[in-house]
Each structure stands twice: as C-alpha cells, then as structure tokens.
*Asks:* 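Sending over a structure as structure tokens; questions will come in a sec.
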Amino acid sequence: MDTILRRRKWKRNMLAALTYFVLLAGIIVVKEGARVYPGSGEVELLKDGWRWIRSDGSEVPVRERDRVKVGKGEPLIIKNQIPEDVGHGMSLTFWSTMESIRVWAGGELLYEYGTDNDADRKWNNVYIPEDKAGKELIIEKICPYSIYAGRIRPVIWGYYPQIQYYLMNRYYPDYVIGQLLILFGVFLIAASLLMKSRHFPLQRGLYLGLFILFVSVWICSECRIPIDYWGVNSMKLSCAMLMIAPIAYLLFIRELTEGRTRRDYHVILSIACINAAAGILAASLGVVDIVDTLHTTHIVIFLIAGFTACSWGKEWKSKKRYKEGSWFNVIEFLGTVGIIVSIIAEGVIFYVDEYRSTGTYVQSALILYILILTVSFFKEALAKSRQAEIYARELEENRMKMMISQIRPHFLYNTLLAIQELCYTAPVKAADTIVTFADYLRSNMNFLKEEPLIPFEREWKHVENYMEIQQVRFGQELKFITDIRCTDFYIPPLSIQPIVENAVQHGIRGCPGGGLVRLTVENREGWIYIITEDNGVGLDIAAARRNEGFSAMENVSRRIEELLNGKIGVESKIGMGTRITISFPCGKEKTDESNHSRR
C-alpha cells in the first residue's frame, strides 16, 4: 500500500513539475519569440570601430555591452565613424539610463538631452544629415549613479520609422503583458470589494490585486518601449514599485496562511514598510535620490525571498493539501520556488556582471507565479462560496429543528398543568405565567424568520422566560442567578437557551433537593464569554454525545463557529456539575450580522 501511495505521489509531482516548466518555457517563448531583432539590412547595430577616449586623451577599443572604469558624474566619451551610406531621414538610436547625453558629428553638436534637468531612461534618436557621411561621431554620457556609469550600450543605425518599428516589436510584448496585468489587478481589487457579501475572501483578493498591480507597473516601467510614462520618471517609478510590491505580497501571505504568522513575519513586514516609507519620504523631501536606495531595496527583497522559502517549506511539510493534494497544489509550491530562484539568479547576474540586468528570469517567473496564485485564489474562493451555501442550507435546517425541539409535547403538557394548578392557588401568578409562556412561544416562532444574528438582549429575554416557566414548575428547587456584565453584541438565536435547558433537564432534575443554574456574560481582553454552569449531577461527556440534548448543543456549537468564529468548551465532573463556555471575538458578531443580513 505504501509503495502504491509513493508511486502516486511521484507521478503527481512529476506531472506538476512538467506542467510548470512547460508553462514557464511557453511564457519565455512568447516574450522572446514575439521580438524582432536587427540585422535585416533595414536596421543594424554599429558594433565595430568604437573607441573609448580616456581623460588623458588616449583611446581604447571597446565593444557594445562593455563596461569601462568611469565614476559617477564623470564623462564617458566614445567615438566612431558615421557610415558612408547616409540617406535622407537616417538616424542612430541608443538607450541611456539616467544619463545626460551629447552627440557630435563632424565637430557639430547634433543632439543634447538631460544636461539642464533630471534625465530619465530614454531612447535617444539622433538625426544624421547626409553631409555627415563618413565623418567622426562622438557620444558623451554623464551618469550620476555609479551602478549605471561606464556602460557601452548598443547603437542602432537606420531610418527612423524602421528603428521605431524595431523597438516597438522588440519590447512591445513586455509592455502588453504589463498593461494586461494592470487591468487584471484592478479587476481583482474591484471583484474583491463587490463580492464581499458572497463569502469572497476580501482581504486576500485585495492584497493579491495590489501585488499584481504594483508588479505590473514595475514591468511596464522596466520595458524599453519608446513611450512617455505619464510624465513620471520611469526609473524612480520602478524603484518605488520595488519597495511597495513586497509589502502587498507579505500581507497576501498573511491572509493565505489565515493569520498563522510568527514573530519573524512581523519583523520582515516591518523592515519592508520602513524601507518603503523611509525611501519614498526621503526622496520626496530631496534628502536622498530614490535610485541610491536600490541596494537597500534589493537586500529587503532577498530577505523576503528567504523568509518566503522557509515559510512555504514549513507549509509544505505541515499541510495536507501539499502532501495529499492534487498536482495543482504542487504547482503552487513550484511557483514559489521558481520566483525565489529567479530573484536569486537576477541578483547574482546584477551584482556579479557589473550591474547588468536582464529581467527575463524574474519577469517570466513572476507572470507565471501571478497566474498560479490567481487560479488558486479563485479555486479557493469558489470552494468557499459552495461551502458557504451548504452551511447556509444546513443552518436554516438546524434553525428549523431547533425551533421544533423547543416546543416538545411533554414540555407544553407540563407547563399547562403547572398553570392549571396556579389557577386554583394563585390566579394572578397564573395569568402572569400565561403571558410569559405566550411570549416564549412567540419568540420561538419569530426566531424562525430572524436573521442569523440577533441582539443578545433578545436571547437573554428568551432565557429568562424559559427559566421563569421552569421555576413555576419546580419552585424553590430551581434557582437561577445571572451576572450580565455586557450586552452590546450579537448572537445566533436559540444559542443560550438550549444550553440553559440542558442544565435544568440533565443537571438539576436528577439532583436531590434541586440546584442552581448560573449565567455569566463578560468581555475579557476583546473576547465575549457566555458561561452557563450548574451544580447538578454532572455528566459523562463521551456518553452524553449520544443524547438528544447534547445534539442540540452541537447544533449551537456549529452556528457559533460558523457565524462568530467562536467556540464552545464543556467541563463536567460527575456529582459536581457542568460548566459550558461560549467564546468569540468581540466585534466579530456585528460585522458578520451586517454581512449575513445582505444575503
């Protein structure tokens, strides 16, 4: 049997791994396959003949993508020769990162950018006049950031429309993906807010939507498509998104684990929040440039990746849905592993290869990870919605059974006999008891039509009516004491009265000489406690579970758990009595009452 289970798990894991890597390869193929590369003759790269002019005037041959030793704020000057075949409308185009640019051809200044204001990342298009064919070309770059200074970037040569067509096709896939993810993030946020009343996990969907939104803005700001980013500096926007996105992800993780977070989670979340708040505030006040905080942000991201690896590893070991779940549950785990590995790979490439960023690994893994999280989120939301509908039907059935159980024939018969006896001995008391009994029956009938939660005062009044009727029957043998310290909360109807009835029927009635039932309600440290205790005969809990009275209490327990996120505790000793405690978070009942009333 164990061998068969191991084989099934092995096949499941292999299917999940194969599916994940096929999807990841598909995303990379779509991203890279849709791109157009130069070399068709209409657009080409000027690869050969570049020379770096040092500060002492000497020249050193360089190639594209080389990095030379130039500090921040120092000019990087490279030179080459303009091709002989210069036609009308031809230009050269190259990418710059936060650099001021000046371009000369044949000693004439043809182009200037960023020398009088803050430069952004930009495609620089320089028109070359026909009379500059074969002349000397000089490009000067000055970068205020050491991580981007000294980089020799490719220079594209061709007609301007063809260059623009090449750039749009080369980088358009990333931009389209980013825009689609922005729309999807907004949709998920809106869906979470609109479907709150339908058991849709509001906060989880909200945080996932925000995470997708921030990541998609980062993808758009990182792509090199030649457009204006709403007048915002794309590099600074990218840095801000890198700071904010991890916070949304950590909040999503907290909701995903249903609040089962440890102290290290709060430490990591605090570090991420402090990094984002301090970086953005300092940049807004002009104290520091947000780009200079990039190293700190990378450290925070690596910390979050390490924390996520540990957390998901523990989730994998502890949760049945990973051990015994479907192949899709394994894909969830692989998606997390993939994004962590891609972050580490990009970080190694960035810092080992002199701050060169590819973005391919992280973006591809992120896109697939977002798709996996989204599918998982909607699967769980639909499952919860179906479960909620089942619970709603069961609750309605249980309410009907509870109401019927409160009007048992023997209870009606005994009460009417007690009232008949009072008619001869105490007519005024008999009249009062009839009013109380009628009020008790009316409450039972009304509760059938009530919302799932009612004010506590109404349930309390129902309990008092019941106990007043029972005291008419049992006289001095039954004592009832209440200690109500708070009443401003909601509770399911017929949730206290059945427990009090159990105390009378199964605790006090079997006790020679009668007994005492005490009801205590208090608020302790944000939790409501409703305690029903008696000094009756006590009970064997295991044996009592088979009795009708205990079945009614299980009905109450389920409604308390479902509607209030609470619980019921039972303590009993034979010959000493029973204590039943209902507890639930204070404030939970008001929110749930409003939610259920809309269904």
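Basis for what follows: all heavy atoms, side chains included, without hydrogens, waters or symmetry-related copies. Predicted model, so just to flag it, every value in this text is computed and none were measured.
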*Asks:* Do side-chain atoms of Gln179 reach the backbone of Val176 as a donor and acceptor pair under 3.5 angstrom?
*Replies:*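 No.
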
*Asks:* Quick one: pull up CH2 in Trp95 and OH in Tyr171 and give me the separation to the nearest 0.5 Å.
*Replies:*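 Answer rounded to 0.5 Å: 8.0 Å.
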
*Asks:* What distance do Thr19 atom OG1 and Leu24 atom CG have between them, rounded to the nearest 0.5 Å?
*Replies:*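 Rounded to the nearest 0.5 Å, the OG1-CG separation comes out at 12.5 Å.
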
*Asks:* Arg102 side chain to Leu109 main-chain N or O, any donor-acceptor pair under 3.5 Å?
*Replies:*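 It does not hold such a pair.
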
*Asks:* Where is the tightest heavy-atom contact between Ser58 and Asp56, given as atom of each residue plus distance?
*Replies:*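 Taking every non-hydrogen atom into account, OG-OD1, 2.7 Å.
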
*Asks:* Let me see the working for Thr93 and Val126 under side chain to side chain contact (heavy atoms under 4.5 Å, CB included), right down to the final yes or no.
*Replies:* CA-CA 6 Å; Thr93 301; Val126 184; over 6 Å; no

*Asks:* For residues Val155 and Leu45, determine if any side-chain heavy atom of one lies less than 4.5 Å from a side-chain heavy atom of the other.
*Replies:*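 Val155 vs Leu45: side chains apart.
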
*Asks:* Give the minimum heavy-atom separation between Pro585 and Leu564, together with the two atoms involved.
*Replies:*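 That closest heavy-atom pairing would be CD-O, 3.5 Å.
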
*Asks:* Answer with yes or no whether the side chains of Tyr111 and Asn125 bring together a donor and an acceptor at under 3.5 Å.
*Replies:*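 The criterion, which ignores hydrogens and geometry beyond distance, is not satisfied for Tyr111 and Asn125.
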
*Asks:* Keeping the roles fixed (side chain from Arg63, backbone from Trp50), state whether a donor-acceptor pair exists under 3.5 Å.
*Replies:*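 Looks like no, no N/O pair under 3.5 Å.
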
*Asks:* Name the atoms and distances for all side-chain donor-acceptor pairs under 3.5 Å in residues 235-245, with sequence neighbours left out.
*Replies:*
| residue | atom | partner | partner atom | Å |
| --- | --- | --- | --- | --- |
| Ser238 | OG | Trp218 | NE1 | 3.2 |
| Ser238 | OG | Glu222 | OE2 | 2.6 |

*Asks:* Check Arg121 with Glu99, please: is the shortest side-chain N to carboxylate O separation under 4.0 Å?
*Replies:*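 No salt bridge links Glu99 with Arg121.
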
*Asks:* Take Cys220 and Ile182 through the side chain to side chain contact (heavy atoms under 4.5 Å, CB included) test and state the conclusion after the steps.
*Replies:* CA-CA 9 Å; Cys220 287; Ile182 287 177; 4.1 Å; yes

*Asks:* Ignoring hydrogens and angles, tell me if any N or O in the side chain of Tyr113 forms a donor-acceptor pair with the backbone of Asp120 under 3.5 Å.
*Replies:*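 Yes; judged by distance alone, with no hydrogens or angles, the pair exists.
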
*Asks:* Considering non-hydrogen atoms only, spot the tightest contact between Ser100 and Gly114 and give its length.
*Replies:*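 Looking at all heavy atoms of both residues, the shortest contact is CB-O, 3.3 Å.
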
*Asks:* Between CG of Asn124 and CD1 of Ile156, what distance do you get to the nearest 0.5 Å?
*Replies:*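 Result: 11.0 Å between the selected atoms.
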
*Asks:* Any heavy-atom pair between the side chains of Thr336 and Tyr369 that's under 4.5 Å?
*Replies:*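 Of all side-chain heavy-atom pairs linking Thr336 with Tyr369, at least one is under 4.5 Å.
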
*Asks:* With heavy-atom distances below 4.5 Å as the criterion, would you say the side chains of Trp104 and Lys132 are in contact?
*Replies:*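 Trp104 vs Lys132: side chains apart.
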
*Asks:* Is the backbone N or O of Met168 less than 3.5 Å from a side-chain atom of Tyr175, with the two atoms forming a donor-acceptor pair by type?
*Replies:*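 No; judged by distance alone, with no hydrogens or angles, the pair does not exist.
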
*Asks:* Taking the side chain from Asn275 and the backbone from Ala272, do they hold a donor-acceptor pair closer than 3.5 Å?
*Replies:*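 It does not hold such a pair.
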
*Asks:* Is the distance between the ring centroids of Phe252 and Phe211 under 6.0 Å?
*Replies:*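 Aromatic pair excluded; centres sit 6.0 Å or further apart.
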
*Asks:* State, with a plain yes or no, whether a side-chain heavy atom of Ile78 is found less than 4.5 Å away from one of Arg51.
*Replies:*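 Answer no - side chains too far apart.
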
*Asks:* Could you walk me through whether Arg54 and Glu59 pass the salt bridge (Lys or Arg N to Asp or Glu O under 4.0 Å) test, one step at a time?
*Replies:* CA-CA 6 Å; Arg54 293 179 170 179; Glu59 298 182 4; over 6 Å; no

*Asks:* Would you say that Trp123 contacts Ile163 through its side chain, given a criterion of any heavy-atom pair below 4.5 Å between the two side chains?
*Replies:*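 Side chain of Trp123 against side chain of Ile163, heavy atoms only: no contact under 4.5 Å found.
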
*Asks:* Restricting to non-hydrogen atoms, name the atom on Gly338 and the atom on Tyr20 that form the minimum distance, rounded to 0.1 Å.
*Replies:*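 Nearest pair, atom of Gly338 first, then Tyr20: CA-OH, 3.3 Å.
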
*Asks:* Would you call the rings of Phe187 and Phe184 parallel, tilted or perpendicular, where under 30° means parallel and over 60° means perpendicular?
*Replies:*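 It falls in the tilted class, 30° to 60°.
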
*Asks:* Decide salt bridge (Lys or Arg N to Asp or Glu O under 4.0 Å) for Arg153 and Glu64; before the verdict, give the C-alpha distance in whole Å, the side-chain angles of both, and the deciding distance to 0.1 Å.
*Replies:* CA-CA 5 Å; Arg153 301 189 182 276; Glu64 61 170 313; over 6 Å; no

*Asks:* Run the side chain to side chain contact (heavy atoms under 4.5 Å, CB included) check on Val348 and Glu346 step by step: do they pass?
*Replies:* CA-CA 5 Å; Val348 170; Glu346 289 280 4; over 6 Å; no

*Asks:* Output the distance between atom CD (Glu130) and atom CD1 (Ile82), rounded to the nearest 0.5 Å.
*Replies:*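 Reported to 0.5 Å precision, the distance equals 12.5 Å.
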
*Asks:* Under 3.5 Å, side chain of Glu44 to main-chain N/O of Trp157, donor-acceptor pair present?
*Replies:*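 A pair under 3.5 Å: no.
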
*Asks:* Does Tyr172 OH have over 12 foreign heavy atoms under 6.0 Å away?
*Replies:*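 No, OH of Tyr172 has 12 or fewer neighbouring heavy atoms, counting only those of other groups under 6.0 Å.
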
*Asks:* Can you check side chain to side chain contact (heavy atoms under 4.5 Å, CB included) on Arg254 and Leu251, steps first, answer last?
*Replies:* CA-CA 5 Å; Arg254 184 188 65 185; Leu251 293 173; 4.1 Å; yes

*Asks:* For residues Val70 and Pro75, report the shortest heavy-atom separation together with the two atoms involved.
*Replies:*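 Taking every non-hydrogen atom into account, CG1-O, 3.9 Å.
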
*Asks:* For Ala277, enumerate each residue passing the side-chain contact (heavy atoms from CB on, under 4.5 Å) test, keeping only those at least two apart in sequence or located in another chain.
*Replies:*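 side-chain contact (heavy atoms from CB on, under 4.5 Å) check on Ala277 returns nothing, list empty.
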
*Asks:* So, for Gly205 and Leu188, which heavy atoms are closest and what is the spacing to 0.1 Å?
*Replies:*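 Smallest heavy-atom distance, with atoms named: O-CG, 3.7 Å.
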
*Asks:* Test your reading of the model: is there a side-chain donor-acceptor pair from Ser376 to the backbone of Leu373, 3.5 Å cut-off?
*Replies:*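 Pair absent, no side-chain N/O of Ser376 close to backbone of Leu373.
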
*Asks:* Where the side chain of Asn80 meets the backbone of Asp48, is there a donor-acceptor pair that is under 3.5 Å apart?
*Replies:*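 Pair found, side chain donor or acceptor close to backbone of Asp48.
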
*Asks:* Got Trp52 and Ile77 here, is their nearest side-chain heavy-atom distance under 4.5 Å?
*Replies:*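 No. Closest side-chain heavy atoms not under 4.5 Å.
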
*Asks:* In the structure I gave you, are the side-chain heavy atoms of Thr308 and Tyr249 within less than 4.5 Å of one another anywhere?
*Replies:*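 Thr308 vs Tyr249: side chains touch.
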
*Asks:* Enter the distance from Ser96:OG to Leu76:CG here, rounded to the nearest 0.5 Å.
*Replies:*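 Ser96 OG to Leu76 CG: 11.5 Å, rounded to 0.5 Å.
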
*Asks:* Is the closest side-chain heavy-atom distance between Ile301 and Ile343 below 4.5 Å?
*Replies:*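 Yes, close enough: below the 4.5 Å cut-off.
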
*Asks:* Using side-chain hydrogen bond (donor to acceptor under 3.5 Å, both in side chains), reason through Tyr160 and Tyr165 one step at a time and then give a plain yes or no.
*Replies:* CA-CA 9 Å; Tyr160 176 75; Tyr165 175 79; over 6 Å; no

*Asks:* What distance do His298 atom NE2 and Leu294 atom CG have between them, rounded to the nearest 0.5 Å?
*Replies:*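 One finds 3.5 Å between NE2 of His298 and CG of Leu294.
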
